[in-house]
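Shown next, in structure tokens, is the structure this report addresses.
For the numbers below, each heavy atom of this structure counts, side chains included, while hydrogens, waters and symmetry mates do not.
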Amino acid sequence: MTVYDDIGVLSATPVTRNDYNLNDFDSTDVFEFRIDSTQNINLSLTDISAGDDADLYLYQDNGNGFFDTGDQQVGSSSRGGNADDSLNRRGDAGTYFAEVRRYGSSSGDVSYDLALSATTPNNSTSGFSNLLPREFALGDLSADVTRSGTISDTNTTDTYQFSLGSFEGVNITLSGLQSDADIRLIADNNNNRIVDAGEEIARSTSGGTTSDVISNPGSGNYFLQVNQYSSTQTDYTLTFDYSFNLGMIDIPILVQPFSPIPDPEPWPLNPLVNPLVNPLVNANALLTTG
């Protein structure tokens, strides 16, 4: 049976719906929610079953309180295969419907996880999305990487995923801005694809079009978010300046022990006479008179 889930008023605390299923008979699930003021709506469709595909759509209610053909579609994400889908857009107060739709070529059950939240726009402290879809998966960094993008009211956040190995580092720079945007770095330690307390590693929130920089987080798995601050559109360039520091490697130096040097003319000891006297030396020859 198709799920119709009334979530209620959406807030900054993420709401999750995990291990939901679509199939040949029920190809869509619908999640109704409301926001009480202008906020950034964040939706993240993740963990789609291998070999399957599902897409994400957002509609604004036409005022009758029902999900029907009169509702306006205000966003969609339809990436191929089981890649994560996500939506981040500014919305006015009102009722919305998030629809998860099975892609036509999938067969059998399609499982997925969905997370939803609403965050404060124009706020460098609480304006970031707290959801972590793999929108742009860079994988294990091994060289410099440059990406460009655009954020606006219809795409308030871009999220990049990358990893660093031992003795590797990276300087991350956000530049080329026409209006204010910010970045922050997250380590999703429990792999729940949500930014929990203590998982933010660093952020840079320079004002205006000044570049933002985060430097050398060290080895680990990370998400980097580019977030709209002002309510205008801006292009951006995101640079990952990779480094490998051989000076950080502690190589132990193995020193072979010296072999004992044998005495070339050992003194035969006679403990019954005097162990400290060398019998090869004539003691009388060392005596002088006068």
Exercise for the section: Please lay out, stage by stage, how Tyr4 and Glu32 fare under the test side chain to side chain donor-acceptor pair (under 3.5 Å). Expected result: CA-CA 7 Å; Tyr4 191 95; Glu32 178 183 349; 3.0 Å; yes

Closest contact, heavy atoms only, [X] versus [Y]:
X: Ala181; Y: Ile151; answer: CB-CD1, 3.7 Å
X: Gln178; Y: Thr234; answer: N-OG1, 2.8 Å
X: Ala98; Y: Leu116; answer: CB-CD2, 4.3 Å
X: Ile35; Y: Ala118; answer: CG2-CB, 4.0 Å
X: Pro133; Y: Ser86; answer: CG-CB, 3.6 Å
X: Thr210; Y: Leu177; answer: O-CD1, 4.0 Å

Practice task
Report yes or no: is the cationic atom of Arg147 (NZ for Lys, CZ for Arg) closer than 6.0 Å to the six-membered ring centre of Tyr160, at no more than 45° off its axis?
Solution key: no

Quick one: [atom1] on [X] to [atom2] on [Y], what's the gap to the nearest 0.5 Å?
X: Asn221; Y: Asp188; atom1: CG; atom2: CG; answer: 9.5 Å
X: Phe223; Y: Ile186; atom1: CZ; atom2: CD1; answer: 8.5 Å
X: Phe244; Y: Leu141; atom1: CZ; atom2: CG; answer: 13.5 Å
X: Leu224; Y: Leu185; atom1: CG; atom2: CG; answer: 6.0 Å
X: Leu131; Y: Gln225; atom1: CG; atom2: CD; answer: 8.5 Å
X: Asp19; Y: Ser111; atom1: CG; atom2: OG; answer: 7.0 Å

Note, [X] side chain near [Y] side chain (heavy atom, < 4.5 Å):
X: Arg193; Y: Asp47; value: yes
X: Phe162; Y: Ile172; value: yes
X: Val226; Y: Leu238; value: yes
X: Asp144; Y: Phe240; value: no
X: Tyr57; Y: Arg101; value: yes
X: Phe128; Y: Thr119; value: no
X: Tyr242; Y: Glu168; value: yes
X: Asp113; Y: Leu45; value: no

Practice task
Run the salt-bridge test on Arg203 and Asp212 with the 4.0 Å N-O cut-off and return the result as yes or no.
Solution key: no

Looking only at atom types and distance, does a side-chain atom of [X] sit under 3.5 Å from a main-chain N or O of [Y], one as donor and one as acceptor?
X: Arg79; Y: Glu135; answer: yes
X: Asn23; Y: Asp109; answer: no
X: Glu199; Y: Asn189; answer: yes
X: Asn216; Y: Gly218; answer: no
X: Tyr229; Y: Ser206; answer: no
X: Arg89; Y: Val74; answer: yes
X: Asp71; Y: Asp68; answer: yes
X: Asn130; Y: Thr13; answer: no

Is it true that the side chains of [X] and [Y] contain a donor and an acceptor less than 3.5 Å apart?
X: Ser230; Y: Asp180; answer: no
X: Ser49; Y: Asp52; answer: yes
X: Asp61; Y: Thr95; answer: no
X: Ser179; Y: Thr232; answer: yes
X: Asp153; Y: Gln228; answer: yes
X: Asp85; Y: Ser77; answer: yes
X: Thr156; Y: Asn88; answer: no
X: Asp84; Y: Thr46; answer: no

Verify the cluster assignment for [X] and [Y]: are they in a single hydrophobic cluster under the rule of side-chain heavy atoms below 4.5 Å apart?
X: Ile214; Y: Val145; value: yes
X: Leu164; Y: Phe167; value: yes
X: Val15; Y: Leu132; value: no
X: Val195; Y: Phe136; value: no
X: Ile201; Y: Leu174; value: yes

Exercise for the section: Apply the test side-chain contact (heavy atoms from CB on, under 4.5 Å) to residues Thr173 and Ile183: give CA-CA distance (whole Å), side-chain angles for both, the deciding distance (0.1 Å), then the verdict. Expected result: CA-CA 9 Å; Thr173 302; Ile183 55 175; over 6 Å; no

Exercise for the section: Could you check Asp55, Asp53, Asp29, Asp24 and say which one makes a salt bridge (charged side-chain N to carboxylate O under 4.0 Å, His left out) with Arg102? Expected result: Asp24

Exercise for the section: Would you please test Ile41 and Leu87 for side-chain contact (heavy atoms from CB on, under 4.5 Å) and show each step? Expected result: CA-CA 8 Å; Ile41 299 169; Leu87 290 172; over 6 Å; no

Hey, can you tell me if [X] and [Y] have their rings parallel, tilted or perpendicular (30° and 60° cut-offs)?
X: Phe33; Y: Tyr96; result: parallel
X: Phe31; Y: Tyr112; result: perpendicular
X: Phe67; Y: Tyr59; result: perpendicular

Problem - Asn171 vs Ser215, side chain to side chain donor-acceptor pair (under 3.5 Å): CA-CA, chis, key distance, verdict - result: CA-CA 4 Å; Asn171 292 322; Ser215 297; 3.2 Å; yes

Exercise for the section: Could you go through the side-chain contact (heavy atoms from CB on, under 4.5 Å) check for Leu58 and Glu99 one step at a time? Expected result: CA-CA 6 Å; Leu58 179 65; Glu99 180 189 35; over 6 Å; no

Practice task
Step by step, work out the side-chain contact (heavy atoms from CB on, under 4.5 Å) result for Ser231 and Asn122.
Solution key: CA-CA 7 Å; Ser231 56; Asn122 297 342; 4.1 Å; yes

